[in-house]
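These notes concern the structure reproduced below.
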Amino acid sequence: KLGNDTNEIIEREELHNRGKLHNEVTIYIINDKGEVLLQRRSKNRRFCPNKLGVIAGHQSYREDILTCAVRETKEEVGLKIKKEDKYLVEEKYNNHYMYPYYVICNQKAEDFTIQKEELSFVRWYKIEEVIRLIEVGSKEIVFKKDEIRLFKKLLEVTKKDEKESFFLKIKKLLEVN
């Protein structure tokens with residue numbers, strides 16, 4: 001465990017202004033076509049307005065990190081996932097206390113119910129395209145070069161293989177790393 005619990009309840013904006021460490025989640029929604037769902041952040045957002053990113057959010061007070069991932073996914077794109085659903089796979093790493101989750105979904109982009117205060121639209125992108133945008137340092141996306149490894153993992157698990165189900169490939173890959 002890194003850091004000490006201060007028992008402080010601080011609003012998100014103040015957390016960032018004061019540079020306090022905190023927990024956040026990112027949710028990578030992927031489909032069986034080898035695509036990842038990206039959202040265009042609203043122009044009114046304080047952080048990264050008008051940029052493409054994945055679902056992300058801050059952990060609320062006394063909320064466990066998995067509940068946070070479920071809540072953020074429902075709030076931002078209207079996708080109901082359950083903690084016990086086998087397609088919600090966690091990979092932890094402690095970089096700014098960020099916890100990425102992977103969700104498999106084959107819903108059409110236009111069928112998501114977006115949170116209009118935070119998002120302009122969602123669209124499926126080929127994972128290779130996102131990797132290329134990161135590599136060239138595109139200003140259109142929120143991702144930094146050190147996050148490219150997450151997309152390379154996604155690319156690996158979305159390659160077709162008749163012997164393994166899509167979910168098992170994700171689970172196996174995450175257990176190895």
Side-chain angles (χ1 to χ4, degrees), residues 12 24-60 65-91 98-162 164-171 173-174:
R12 178 176 45 200
E24 294 182 24
V25 296
T26 52
I27 299 93
Y28 296 80
I29 299 177
I30 51 182
N31 66 22
D32 60 10
K33 294 179 185 174
E35 298 169 324
V36 61
L37 189 75
L38 295 186
Q39 54 179 275
R40 169 83 61 196
R41 293 174 57 82
S42 166
K43 65 181 178 180
N44 301 321
R45 300 296 298 160
R46 178 174 176 210
F47 297 102
C48 304
N50 280 325
K51 292 195 176 195
L52 292 169
V54 294
I55 296 167
H58 291 78
Q59 182 181 18
S60 296
I65 207 73
L66 184 55
T67 299
C68 177
V70 170
R71 176 181 52 78
E72 287 292 340
T73 305
K74 173 76 171 99
E75 285 176 5
E76 292 191 21
V77 295
L79 185 62
K80 294 178 188 175
I81 54 176
K82 296 180 189 128
K83 285 197 227 182
E84 60 273 6
D85 282 343
K86 65 180 181 180
Y87 57 81
L88 188 63
V89 182
E90 174 185 9
E91 179 206 45
M98 185 66 74
Y99 298 88
Y101 288 83
Y102 302 86
V103 176
I104 298 169
C105 177
N106 289 302
Q107 189 168 300
K108 293 178 186 173
E110 59 270 13
D111 292 339
F112 287 96
T113 305
I114 65 167
Q115 186 178 19
K116 295 192 187 301
E117 309 83 54
E118 293 199 18
L119 312 177
S120 299
F121 66 84
V122 294
R123 190 182 121 208
W124 291 106
Y125 287 80
K126 287 286 186 193
I127 296 169
E128 297 92 340
E129 181 182 356
V130 178
I131 291 171
R132 186 188 60 74
L133 290 170
I134 295 170
E135 287 173 339
V136 301
S138 172
K139 301 277 188 230
E140 187 178 4
I141 58 173
V142 299
F143 311 109
K144 308 288 184 269
K145 292 211 184 226
D146 64 340
E147 294 173 277
I148 201 166
R149 71 180 185 81
L150 296 170
F151 287 96
K152 286 186 175 179
K153 260 187 195 181
L154 288 178
L155 185 60
E156 181 61 33
V157 299
T158 56
K159 292 180 181 171
K160 300 289 182 198
D161 183 344
E162 298 300 316
E164 288 186 278
S165 76
F166 193 47
F167 168 73
L168 289 176
K169 285 175 75 172
I170 291 175
K171 187 168 176 53
L173 185 67
L174 295 178

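Note that the structure is a prediction, hence the values are computed from the model and not measured.
The distance from the CD1 atom of Ile29 to the CG atom of Asn106 is 11.5 Å, given to the nearest 0.5 Å. How far CD of Glu76 is from CZ of Arg71: 9.0 Å, rounded to the nearest 0.5 Å. With values rounded to the nearest 0.5 angstrom, Asn44 atom CG is found 8.5 Å from Asn50 atom CG. Lys145 contributes atom NZ, which lies 9.0 Å from atom CD1 of Ile134 (distance to the nearest 0.5 angstrom). In this structure, CG in Leu133 is found 7.5 Å from CG in Leu52, a value given to the nearest 0.5 Å. Going from atom CG of Leu79 over to atom CG of Leu37 covers 9.0 Å, rounded to the nearest 0.5 Å.
The closest donor-acceptor contact from the side chain of Arg41 to the backbone of Pro49 lies at 3.5 Å or more, if one exists at all. Within the 3.5 Å criterion, the main-chain N or O of Lys144 finds a donor-acceptor partner in the side chain of Glu147.
The closest side-chain heavy-atom distance from Ser42 to Leu119 is not below 4.5 Å. Inter-residue side-chain proximity for Val103 and Ile30 is flagged as unmet; no heavy-atom pair is nearer than 4.5 Å. Between Val25 and Glu72 there is a side-chain heavy-atom pair separated by less than 4.5 Å. Annotation: side chain of Tyr102 is in contact with side chain of Leu150 (closest heavy-atom distance under 4.5 Å). Counting heavy atoms from C-beta on, the side chains of Cys105 and Phe112 come closer than 4.5 Å. Leu38 has its side chain within reach of Val130: a pair of non-hydrogen atoms, C-beta onward, lies under 4.5 Å apart.
Just one residue in the list Thr26, Val54, Ile55, Ile65 forms a side chain to side chain contact (heavy atoms under 4.5 Å, CB included) with Tyr101, and that residue is Ile65.
Smallest separation of non-hydrogen atoms from Ile27 and Ala69: CD1-O, 3.9 Å. In plain terms, the two heavy atoms of Cys48 and Val142 that are nearest each other are CB-CG1, 3.5 Å.
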The test is side chain to side chain contact (heavy atoms under 4.5 Å, CB included); show your working for Thr113 and Val77 and say whether it passes. CA-CA 5 Å; Thr113 305; Val77 295; over 6 Å; no
Can you check side chain to side chain contact (heavy atoms under 4.5 Å, CB included) on Ile131 and Lys152, steps first, answer last? CA-CA 7 Å; Ile131 291 171; Lys152 286 186 175 179; 3.9 Å; yes
Residue pair Ile141, Lys51: steps toward the side chain to side chain contact (heavy atoms under 4.5 Å, CB included) verdict: CA-CA 5 Å; Ile141 58 173; Lys51 292 195 176 195; 6.0 Å; no
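The aromatic rings of Tyr28 and Phe151 stand perpendicular to each other, their planes meeting at an angle above 60°, with 30° marking the opposite boundary.
Within the structure, every pair that satisfies the side-chain hydrogen bond (donor to acceptor under 3.5 Å, both in side chains) test and touches residues 120-129, not counting sequence neighbours, is listed here: Arg123-Tyr125.
Note on Glu140 versus Arg40: salt bridge recorded, some NZ/NE/NH1/NH2 to OD/OE distance being below 4.0 Å.
Side chain to side chain, Asp111 and Gln107 fail the donor-acceptor criterion of an N or O pair below 3.5 Å. Residues Gln59 and Glu24 have side chains that never bring a donor and an acceptor to within less than 3.5 angstrom of each other.
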